[in-house]
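One structure is given below, encoded as structure tokens.
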Amino acid sequence: MAGKLLDLSHAAQRQAFTILVDGFLKHLNQAENRAQTYVKIVDAVGKFQAGGVKPETLEAVKKAVQDPDNRWMRFINRIVDETDPVYLRNLMLNLGYETFLRGTRTIRENRKKYHCNIPWLILFDPTNACNMHCVGCWSGTYGDKNHLSFEDMDKIVTEGKALGTYLYMLTGGEPLVRKKDVLKLAEKHSDAMFALYSNSTLIDEELCREVVRLGNITFLLSIEGSPETNDARRGTGHYAAVMRAMDLLKEYGIVFGISVCYTRENIEAVTSDEFIRFVSGKGARFGFYFHYMPVGANAVPELMPTVEQRKKMIDRIRFIRSPECDLEFYPMDFQNDGEFVGGCIAGGRNYFHINSSGDAEPCVFIHFSDSNIHDKSIAEILRSPLFMAYHEGQPFNRNHLRPCPMLENPQLLKEMIRKTGARQTNEEAPEEVGQLTAKCEDYAKEWAPAAEEIWASQEHKKVSYENYTEEKKEHPELANFDHADGSHGIRSVS
């Protein structure tokens, strides 16, 4: 009976937000009504998240949504104007209501209930097959070996939604190799949002029509700068395929972004004004920037950015997001934006990864696991020794410019893997934890003093919700304490 009442409450709340969204869409061409509807949406958020959002924050947001000169309102309005109305309606309901509002609240409740990490999103690989062979990438060398069945993917989403997770990112391999099953999954779970990391080569008009009809799929297209810098790593002709995909997605009014792996060789190209203006003009509205990670036997550690390049990257990404910049684009840099999310987000703290064999890995770059979806539920996976080690160890460094237990604190990953007995899952070639972390040790030592200098020179605002263990909240000095020999460690790993 309690479950049925909760379902009815969910349905009633979604219907209330649906009425708000429909009213908003009805007056798209009326600027005054649009601003008024934004205010109504903010008020509805405040009521729904009663006690979870500070009144002064809500007032600041309401002031911003009524300011036609606010940079980010111009940005949002541009997205609204360019997006197919049917697609936009589902995007606002699934990403706005289900993921950000109801999902976030449910996740926080379940973190207290289960005393473990509960993710805001789950990343999984429908297949490890890929039609490309990018330099330094582990995926393209796997071959067509493993796939998650439709039933596997359905299980992930069904169990995830029960915990409050309504956002799912699909990678691989190339997820569109499994296009039929991906579309079937999105149709069955019409209240969830799916984001596909794609190399663009399989995006066509037929797919775009289906995506508009469903309204709950977006794309992050892989691109790395100019035709020269891009095709040097991804192969001749790839840049042209991305351009074609961007044109189609823009034509059909589908919101999309780009996914950029920045390396020593392309970092300037992928952050230049010219590049950002170009991809924005093609319709990309956001970008996920990923620091190159030396994962796998065919990794090229020499591709990791230099210390000076990373320092410039921090300044560059933050400038693009600042009021002083007029670029119509929002970038996120997962290695350097740790301050805004409380450090490492892996291990289920905000996300985790399931590979095409069903192995649950704490991070897409950490190919170690002690659980598989064929043997355990999502809830059981999140309470496994490896995932609890992440939960108890986070933050791995109070300097959030050194967030990762692999790249910047490699001794911590080695310690967690050895204490939990997690097995390696790299299907390209077996890689023990010592082999992986050895490729990061020199980088970590070189970056540490630069990171400490930058961190000390900046003012930092504590994230209002960190999702650390109670012990870490009460005793922040427990994170990344110093041993007598100057190395770092974690006090508690179970």
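Any value given below was found using the heavy atoms of this structure, including those in side chains, with hydrogens, waters and symmetry copies removed.
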When you look at CD of E206, are more than 12 heavy atoms from neighbouring residues, nucleotides or ligands closer to it than 6.0 Å? no
I want to check something: taking the side chain as every heavy atom from C-beta on, are Y114 and L163 in contact at a cut-off of under 4.5 Å? yes
Looking just at side-chain N and O atoms, do S200 and R244 make a donor-acceptor pair shorter than 3.5 Å? no
Output yes when a side-chain donor or acceptor of Q13 lies under 3.5 Å from a complementary backbone atom of Y97, and no otherwise. no
Measuring from atom CG of D84 to atom CD of E251, what distance do you get when rounded to the nearest 0.5 angstrom? 11.5 Å
Side chain to side chain, V65 and I41, heavy atoms closer than 4.5 Å: no
How long is the straight-line distance from CD1 of I366 back to OG1 of T425, given to the nearest 0.5 Å? 10.0 Å
Is it the case that the side chains of S356 and H147 hold a donor-acceptor pair, with the cut-off being a distance below 3.5 Å and no angle test? no
Does I217 offer a backbone N or O that forms a donor-acceptor pair with the side chain of Y87 under 3.5 Å? yes
Shortest non-hydrogen separation from K188 to F150 and the atoms involved: CD-CZ, 4.4 Å
May I ask you to check whether F396 and Y390 place their ring centres under 6.0 Å from each other? yes
Are K155 and E151 ion-paired here, with the side-chain N under 4.0 Å from a carboxylate O? no
Spacing of CG belonging to D81 relative to CD1 belonging to I76, to within rounding of 0.5 Å: 12.0 Å
Min side-chain heavy-atom separation I378-I354 under 4.5 Å: yes
Can you find a side-chain donor-acceptor pair between R316 and N336 that sits under 3.5 Å? no
Which heavy-atom pair separates I276 from V270 by the least distance, and what is that distance? CD1-O, 4.1 Å
C325 backbone acceptor or donor facing R71 side chain under 3.5 Å: yes
Could you check whether E380 and S371, counting side-chain N and O atoms only, form a donor-acceptor pair closer than 3.5 Å? no
Grab the two heavy atoms, one from A245 and one from L221, that are nearest each other, plus how far apart they are. CB-CD1, 4.2 Å
Looking at S222, is its backbone amide N or carbonyl O close enough to the side chain of S259 to form a donor-acceptor pair, meaning the two atoms are under 3.5 Å apart? no
Which atoms form the tightest heavy-atom contact between A389 and T420, and what is the distance? CB-CG2, 4.0 Å
Tell me yes or no: between the side chains of E98 and H10, is some donor less than 3.5 Å from an acceptor? yes
Cation-pi, Y38 ring and K62 (6.0 angstrom, 45 degrees): no
So which atom in G281 and which in K250 form the shortest heavy-atom distance, rounded to 0.1 Å? O-NZ, 2.7 Å
Just do the side chain to side chain contact (heavy atoms under 4.5 Å, CB included) check on T37 and V21 with the steps written out, would you? CA-CA 8 Å; T37 304; V21 169; over 6 Å; no
Taking K179 first and then E210, would you say they form a salt bridge - that is, a charged N and a carboxylate O separated by under 4.0 Å? no
Counting only N and O atoms by type, is there a donor-acceptor contact under 3.5 Å from the side chain of N110 to the main-chain atoms of K113? no
Carboxylate-amine/guanidinium contact D326 R277, below 4.0 Å: yes
Distance (rounded to the nearest 0.5 Å) between D333 CG and T271 OG1: 10.0 Å
Steps toward side chain to side chain contact (heavy atoms under 4.5 Å, CB included) verdict (L148, I373): CA-CA 10 Å; L148 294 176; I373 62 165; 4.1 Å; yes
Side chain to side chain contact (heavy atoms under 4.5 Å, CB included), that's the test. Do L196 and V182 meet it? Break it down for me. CA-CA 9 Å; L196 277 60; V182 169; 4.0 Å; yes
Tell me whether the NZ or CZ atom of R108 lies within the 45° cone about the ring axis of Y465 and under 6.0 Å from its centre. yes
Taking atom types as modelled, find out whether D125 and H353 have a side-chain donor-acceptor pair closer than 3.5 angstrom. yes
Look at the side chain of T165 and the backbone N and O of K161, then say whether any donor-acceptor pair between them is shorter than 3.5 Å. no
Among side-chain atoms of D152 and H374, is any donor-acceptor pair under 3.5 angstrom? yes
Counting N and O atoms only, with roles assigned by atom type, does the side chain of Y468 sit under 3.5 Å from a partner on the main chain of H391, one being a donor and the other an acceptor? no
Measure from the side-chain N and O atoms of R178 to the backbone N and O of P126, and report whether any donor-acceptor pair falls under 3.5 Å. yes
Between S384 and D370, do the side chains contain a donor N or O and an acceptor N or O under 3.5 Å apart? yes
Are F387 and F352, when compared by the centres of their aromatic rings, separated by less than 6.0 Å? yes
Under 4.0 Å between a Lys/Arg side-chain N and an Asp/Glu carboxylate O for R321 and D337? yes
Taking all atoms of both residues into account, what is the closest heavy-atom pair of N266 and C261, and its distance? ND2-O, 3.0 Å
Would you find a donor on one side and an acceptor on the other, under 3.5 Å apart, between the side chain of T83 and the backbone of I79? yes
Pair E174-S198, side-chain donor/acceptor within less than 3.5 Å: yes
So, applying side-chain contact (heavy atoms from CB on, under 4.5 Å) with F194, which one of L185, L214, L183 is it? L185
N117 vs R111, side-chain hydrogen bond (donor to acceptor under 3.5 Å, both in side chains): CA-CA, chis, key distance, verdict: CA-CA 6 Å; N117 284 333; R111 285 169 179 166; 5.6 Å; no
Does H400 reach the side chain of V341, with side-chain heavy atoms less than 4.5 Å apart? no
List the steps, then state whether side chain to side chain contact (heavy atoms under 4.5 Å, CB included) holds for V211 with Y252. CA-CA 9 Å; V211 169; Y252 278 86; over 6 Å; no
Mind checking whether W72 and F75 have parallel, tilted or perpendicular rings, split at 30° and 60°? perpendicular
Is it the case that W120 and T104 place a side-chain donor and acceptor less than 3.5 Å from each other? yes
Please lay out, stage by stage, how Y330 and F286 fare under the test ring-ring contact (aromatic ring centres under 6.0 Å, His included). CA-CA 5 Å; Y330 191 88; F286 59 94; 9.0 Å; no
Quick one: are Y351 and L167 in side-chain contact, heavy atoms under 4.5 Å? no
Distance from D181 atom CG to L170 atom CG, nearest 0.5 Å? 11.0 Å
Side-chain contact, heavy-atom cut-off 4.5 Å: F219 with L176? yes
Going by atom types alone, do Y289 and Q335 pair a side-chain donor with an acceptor below 3.5 Å? no
Minimum side-chain heavy-atom gap E466-Q394 below 4.5 Å: no
When the ring centroid of F334 is compared with that of F288, is the distance short of 6.0 Å? yes
To the nearest 0.5 Å, what is the distance between CZ on F368 and CG on L386? 10.0 Å
Could you tell me whether a side-chain N or O of N94 sits under 3.5 Å from a main-chain N or O of M193, the two making a donor and an acceptor? no
Tell me yes or no: between the side chains of S357 and D359, is some donor less than 3.5 Å from an acceptor? no
